[in-house]
There are 2 protein chains.
Amino acid sequence: MASVFPLAELRRSSDPFSWVDSIIKGDCVAALEALPDKSVDVIFADPPYNLQLGGALHRPDQSLVDACDDEWDQFASFEAYDAFTRAWLLACRRVLKPTGTIWVIGSYHNIFRVGATLQDLNFWILNDIVWRKTNPMPNFKGRRFQNAHETMIWASPDPKAKGYTFNYDALKASNDDVQMRSDWLFPICSGGERLKGDDGKKVHPTQKPEALLARVIMASTKPGDIVLDPFFGSGTTGAVAKRLGRHFVGIEREQDYIDAASARIAGVTPLGKTELTVLTGKKAEPRVAFTTLLESGLVKPGQVLTCARRRHSAVVRADGTLASGSEAGSIHRLGAKVQGVDACNGWTFWHVDDGHSLRPIDEFRAVIRSGLAKLD
Amino acid sequence: MASVFPLAELRRSSDPFSWVDSIIKGDCVAALEALPDKSVDVIFADPPYNLQLGGALHRPDQSLVDACDDEWDQFASFEAYDAFTRAWLLACRRVLKPTGTIWVIGSYHNIFRVGATLQDLNFWILNDIVWRKTNPMPNFKGRRFQNAHETMIWASPDPKAKGYTFNYDALKASNDDVQMRSDWLFPICSGGERLKGDDGKKVHPTQKPEALLARVIMASTKPGDIVLDPFFGSGTTGAVAKRLGRHFVGIEREQDYIDAASARIAGVTPLGKTELTVLTGKKAEPRVAFTTLLESGLVKPGQVLTCARRRHSAVVRADGTLASGSEAGSIHRLGAKVQGVDACNGWTFWHVDDGHSLRPIDEFRAVIRSGLAKLD
DNA sequence: TAGCTGTCTGAATCCCGGA
DNA sequence: GTCCGGGATTCAGACAGCT
């Protein structure tokens, strides 16, 4: 069983990371406040969207539209929901690493309020993702369109945050080599995946499909990262995180959900290291300086490089720069200059003529890298 | 030409419906305030999105993306945007019939604020509709998911409003006899439909496709209804309304847009009664990604795939890529690599051994398409 | 003519490490 | 924190021009 931490016990713990891979029993905001600053990599939140919240309802502090003054209860509910949303999002922001990101899922009942609150709190929306359901519940009365999707918001904790994890290359490779879009298609959680009690009834009313969480986690975390779910419910986030070699921490108030989630996670076997390796692109490969090509003799001073169409040419100089007419500079700068553009990847722009064909100097870089690879 | 009303002239008019089938030139809120109470059946609004773009964005080929950086899309703050949204929505509420409905389109930049404001003003959300674009602009830097959709909110002016128009049966009949879902697939507006000036440049930066408006109007209006568009722009709403036998009224500030819209609408011939019944059906077979096979459980991480002759093999990784020795990549790339060729169709190259025979993974794709997966 | 190739473009909040 | 510079990064569709 995944370990369960009563909140009071967690507060007494001397180990600042005792909560990793466990379920904290308690109120969402109180539990978040017991965790260290900047300690989790990704948050996945599936907050309640029932507007009839348990707590006291507050009168709106600003007077609202005159046309709607008879709808007092309705407005009071929105106010209370907004206050709740603000509170848990603020608590999430503190425990999230600056390089982390947060996902929130909801429907049209609540997602607009969540999105606006995220923006008000200076989170920076990266995408809104549409989960298209293959098998949504029909609209029985024929008075609306079939509500066939839910919406997730993916955001970083600051507009300037740049270092968040996004496994772009792996997602693209797994998607027929085209980049992953913002609309995802998955079945709802049913069948064997759906947790059921001894009475045969579903344990949790809104259990999310593991496939959805798997894509979220594969997209925005690395193996070993910590994924927090402040509304843990039946523990889908924890089960998928464990299976995918990530750490998790869940917060949940209801003992029944905790019991079900704990048993569920205990039954999950993590995948092995090979299966969990994430495909990375060129950005992750080691830098190779152009001078290394000269030092290794793959390219020689005085040699002429051209672009793929032989429209532009340049001479290699001994210091690792190129010269063309009166211009000179790095392979990138000179490539940009001769084309009259701002930027250029010199590795793919410049070619050598081997007698038969033009070959990009990027191939030499690959040779260097494979040599480096053999060294370790 | 569709008639154009300077706002001052409209105010002097003795005919309370002189503005029907015309474009009112002026500020959105001021113009709305010059219209009678409860006089329009449906409102379609495409307000500024408040994009908050940073610097220039270049495509990988160094060409510059023509960003929407118009003055009308700039707001000083979220508070300013909210105040603007509140003002025009309140003005819309007054002119809308109690049996009418309002549509608002937006992206993640603004739609959450619009949705929350609609709820604050006691509008009642009926659906959020996702417009999935067949041909969205890519994410050029590989730092996010491709932003491939926009969101529309469909709402009635009061939670208790019941008499709004929803042509459920017509939509269902036009949709292969299944009820219309909340996710719609349409191409962006381009080609001959896109209005261009004498200079060949697009007249309006954000012209919407007529097919989108056609579905909106066919779903939520009856022939002869009045459709109001408070941000008329290039007049798509007016053109489609006229073609579909509905009345329109547009509000627009910029003379250039008014001129283009007016000429455009003048060229539209309304359809006859019989033609007004039919519209669009489904789109082509969806692409199935390899990651879908993993997500559905048809293929599992760690599973071994081989080519038809078992000469090559590879291991499935959790991120939806394959690995073979030190090589890894998409099913297509790795298939090409192990064979030492440029390209390979991974779907037909890679096979699984089911104990009796080797079966191409393409068969699983067919299973996904038929909807048989995930039924357990 | 049909097909092929190259070019252009679309509501976009679009890099990152080291000095 | 800023500045600098290496060098990584795109999908679908319309259209023009050519064979």
Side-chain angles (χ1 to χ4, degrees), chain A residues 99 119 123-128 154-156 159-164 166 168-169 172 175-182 280-290 309 320 329-336 342-350 361-362 365, chain B residues 46-70 72-75 78 105-111 131 133-151 187-194 196 200-202 204-209 231 233 287:
Chain A
T99 56
Q119 291 179 314
F123 283 89
W124 193 242
I125 298 179
L126 299 169
N127 280 110
D128 59 334
W154 183 40
S156 65
K160 295 181 295 297
K162 297 290 182 192
Y164 60 86
F166 180 55
Y168 175 81
D169 297 290
K172 180 174 171 176
N175 192 39
D176 269 14
D177 290 320
V178 293
Q179 57 181 215
M180 191 68 80
R181 296 169 44 114
S182 56
T280 55
K282 280 187 169 183
K283 279 179 182 167
E285 290 183 35
R287 289 281 173 94
V288 174
F290 184 64
R309 297 183 182 178
S330 71
I331 55 171
H332 312 296
R333 292 284 160 227
L334 193 71
D342 282 345
C344 166
N345 182 343
W347 291 109
T348 52
F349 179 73
W350 295 110
I361 58 174
D362 204 29
R365 185 167 61 158
Chain B
D46 183 9
Y49 287 7
N50 187 24
L51 286 184
Q52 306 177 245
L53 301 178
L57 178 65
H58 294 269
R59 298 184 183 81
D61 65 2
Q62 301 301 322
S63 64
L64 180 65
V65 174
D66 184 15
C68 177
D69 51 5
D70 301 64
W72 50 255
D73 198 50
Q74 312 296 324
F75 291 83
F78 285 132
I105 186 167
S107 65
Y108 66 83
H109 309 84
N110 70 322
I111 199 65
W131 167 29
K133 303 179 183 184
T134 59
N135 49 351
M137 190 186 295
N139 181 289
F140 295 116
K141 307 290 188 186
R143 294 299 295 144
R144 304 178 176 200
F145 297 92
Q146 182 183 30
N147 188 11
H149 72 275
E150 295 189 23
T151 301
I188 60 175
C189 180
S190 68
E193 187 184 321
R194 188 88 195 209
K196 285 172 186 138
K201 289 182 180 171
K202 56 192 177 194
H204 194 280
T206 72
Q207 186 180 340
K208 295 295 178 289
F231 306 97
R287 178 203 306 272

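Here is how names work: the chains are called A, B, and so on, in the same order as the sequence lines, proteins then strands, and each is numbered from 1.
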Sugar-phosphate only, base, or nothing, as touched by B:Asn147 at under 4.0 Å among non-hydrogen atoms
sugar-phosphate
Closer to the 5' end of DNA chain C via nearest nucleotide, is it B:Val65 or A:Arg309?
A:Arg309
Choosing from D:dG6, D:dA8, C:dA12, which nucleotide comes nearest the side chain of B:His109?
C:dA12
Within the structure shown, what part of the strands sits under 4.0 Å from B:Asn110 by heavy-atom distance: base, sugar-phosphate, or nothing?
nothing
Minimum-distance nucleotide (side-chain atoms of A:Asn345 versus D:dA8, C:dC14, D:dT10):
D:dA8
Whole-Å gap separating C1' (C:dA12) and CD1 (B:Ile188):
13 Å
Using a strict 4.0 Å threshold on nitrogen-to-oxygen distance, state whether B:Asp66 and B:Lys202 make a salt bridge.
yes
Is there a side-chain contact between A:Tyr168 and the phosphate of D:dT10, meaning an N or O under 4.0 Å from OP1 or OP2?
yes
Atom-to-atom span, CG of B:Asp61 to C1' of C:dT7 - whole angstrom:
9 Å
Here's a test of your reading of the structure: between B:Asn135 and A:Gly281, which maps to the more 5' nucleotide of DNA chain D?
A:Gly281
Distance below 4.0 Å between A:Lys162 side-chain N/O and C:dG17 OP1 or OP2
no
Would you mind classifying the nucleic acid contact of A:Ser330 as base, sugar-phosphate or nothing, using non-hydrogen atoms under 4.0 angstrom?
sugar-phosphate
When you measure from the centre of the six-membered ring of A:Tyr164, is the NZ or CZ of B:Arg143 under 6.0 Å away and within 45° of the axis?
yes
With a non-hydrogen cut-off below 4.0 angstrom, is B:Ser107 in contact with a base, only sugar-phosphate, or nothing?
nothing
Just checking A:Ala289: base, sugar-phosphate only, or nothing, at a heavy-atom cut-off of under 4.0 Å?
nothing
Starting the side chain at C-beta, find the nucleotide from C:dG10, C:dA11, D:dC11 nearest to B:Arg59.
C:dG10
Determine the contact category for B:Lys208: base if any of its heavy atoms lies under 4.0 Å from a base atom, sugar-phosphate if only primed atoms, P, OP1 or OP2 are that close, otherwise nothing.
base
Taking C:dC16 as the reference, what is the distance to D:dG1 when you measure between their P atoms (whole Å, please)?
16 Å
Touch class at under 4.0 angstrom, heavy-atom based, for B:Asp73 against every strand present:
base
For A:Ile125, which contact category applies under a 4.0 Å heavy-atom criterion: base, sugar-phosphate, or nothing?
base
Output the rounded distance in Å from CH2 (B:Trp72) to P (C:dA11).
11 Å
Hey, does B:Gly192 reach any base, or is it just sugar-phosphate, or nothing, if we go heavy atoms under 4.0 Å?
sugar-phosphate
Find the distance A:Asp176:CG to D:dC11:C1' and express it as a whole number of Å.
14 Å
Counting N and O atoms only, with roles assigned by atom type, does the side chain of A:Asp128 sit under 3.5 Å from a partner on the main chain of B:Ser107, one being a donor and the other an acceptor?
no
Under 4.0 Å: is that the gap between some side-chain N or O of A:Lys283 and OP1 or OP2 of C:dC15?
no
Angle class for the A:Phe166/A:Trp154 ring planes (parallel below 30°, perpendicular above 60°, tilted otherwise)?
tilted
Can you tell me, in whole Å, how much space there is between the P of D:dA8 and that of C:dT9?
27 Å
Write down the distance between CZ (A:Phe166) and P (D:dA8), rounded to a whole number of angstrom.
19 Å
Which part of the nucleic acid, if any, lies within contact of A:Gly329, taking any heavy atom under 4.0 Å across all strands shown: a base, the sugar-phosphate backbone alone, or nothing?
nothing
The nucleotide from D:dG7, C:dA12, C:dC15 with an atom nearest the side chain of B:Lys141 is C:dC15
By nearest-nucleotide position on DNA chain C, the 5'-leaning member of A:Gln119 and B:Cys189 is B:Cys189
Taking atom C1' in both C:dA11 and D:dC15, compute the distance separating them and give it to the nearest angstrom.
23 Å
Expressed in whole Å, how much space separates the C1' atoms belonging to D:dG7 and C:dC14?
16 Å
Choosing from D:dG7, D:dT10, C:dC14, which nucleotide comes nearest the side chain of B:Arg144?
C:dC14
Between C:dC8 and D:dT9, how many Å separate the two P atoms, rounded to a whole number?
23 Å
Check step by step if side-chain contact (heavy atoms from CB on, under 4.5 Å) holds for A:Lys283 and A:Tyr168.
CA-CA 11 Å; A:Lys283 279 179 182 167; A:Tyr168 175 81; over 6 Å; no
Within this structure, what is the CD-to-P distance between B:Glu193 and D:dG13, rounded to whole angstrom?
15 Å
Euclidean distance for P, D:dG5 against C:dA12 (whole angstrom)
31 Å
Stepwise, does the side-chain contact (heavy atoms from CB on, under 4.5 Å) test hold for B:Gln52 with B:Phe78?
CA-CA 11 Å; B:Gln52 306 177 245; B:Phe78 285 132; 3.5 Å; yes
Applying side-chain contact (heavy atoms from CB on, under 4.5 Å) to A:Ile331 and A:Trp347, what does each step give before you reach the verdict?
CA-CA 7 Å; A:Ile331 55 171; A:Trp347 291 109; 3.8 Å; yes
Once you round it to whole Å, what is the distance between P of D:dG7 and NE2 of A:His332?
3 Å
Nucleotide of C:dA11, D:dG7, C:dC14 approaching B:Arg143 most closely (side-chain heavy atoms)
C:dC14
Applying a 4.0 Å non-hydrogen cut-off, can you work out what A:Pro159 is touching in the nucleic acid: base, sugar-phosphate, or nothing?
nothing
To the nearest Å, give me how far apart CD (B:Glu150) and C1' (C:dA12) are.
11 Å
Under 4.0 Å between a side-chain N/O of B:Ser190 and OP1 or OP2 of C:dT9, yes or no?
no
Under 4.0 angstrom, heavy atoms only, what part of the nucleic acid is B:Pro47 near: base, sugar-phosphate, or nothing?
base
Go through D:dG13, D:dA8, C:dG10 for me and flag the one nearest to the B:Phe140 side chain.
C:dG10
I'd like to know whether B:His109 forms a side-chain contact (heavy atoms from CB on, under 4.5 Å) with B:Asn50, so could you lay out the CA-CA distance, the side-chain angles of the two residues, the decisive distance to 0.1 Å, and finally the verdict.
CA-CA 7 Å; B:His109 309 84; B:Asn50 187 24; 5.6 Å; no
Nearest to the side chain of B:Thr134, which nucleotide is it out of C:dT9, D:dG13, C:dA12?
D:dG13
Can you check whether A:Arg365 has a side-chain N or O nearer than 4.0 Å to OP1 or OP2 of D:dA8?
yes
At less than 4.0 Å, is any side-chain N or O atom of B:Arg194 found next to OP1 or OP2 of D:dA14? Yes or no.
no
Derivation and outcome, salt bridge (Lys or Arg N to Asp or Glu O under 4.0 Å), residues A:Asp362 and A:Arg365
CA-CA 5 Å; A:Asp362 204 29; A:Arg365 185 167 61 158; 2.7 Å; yes
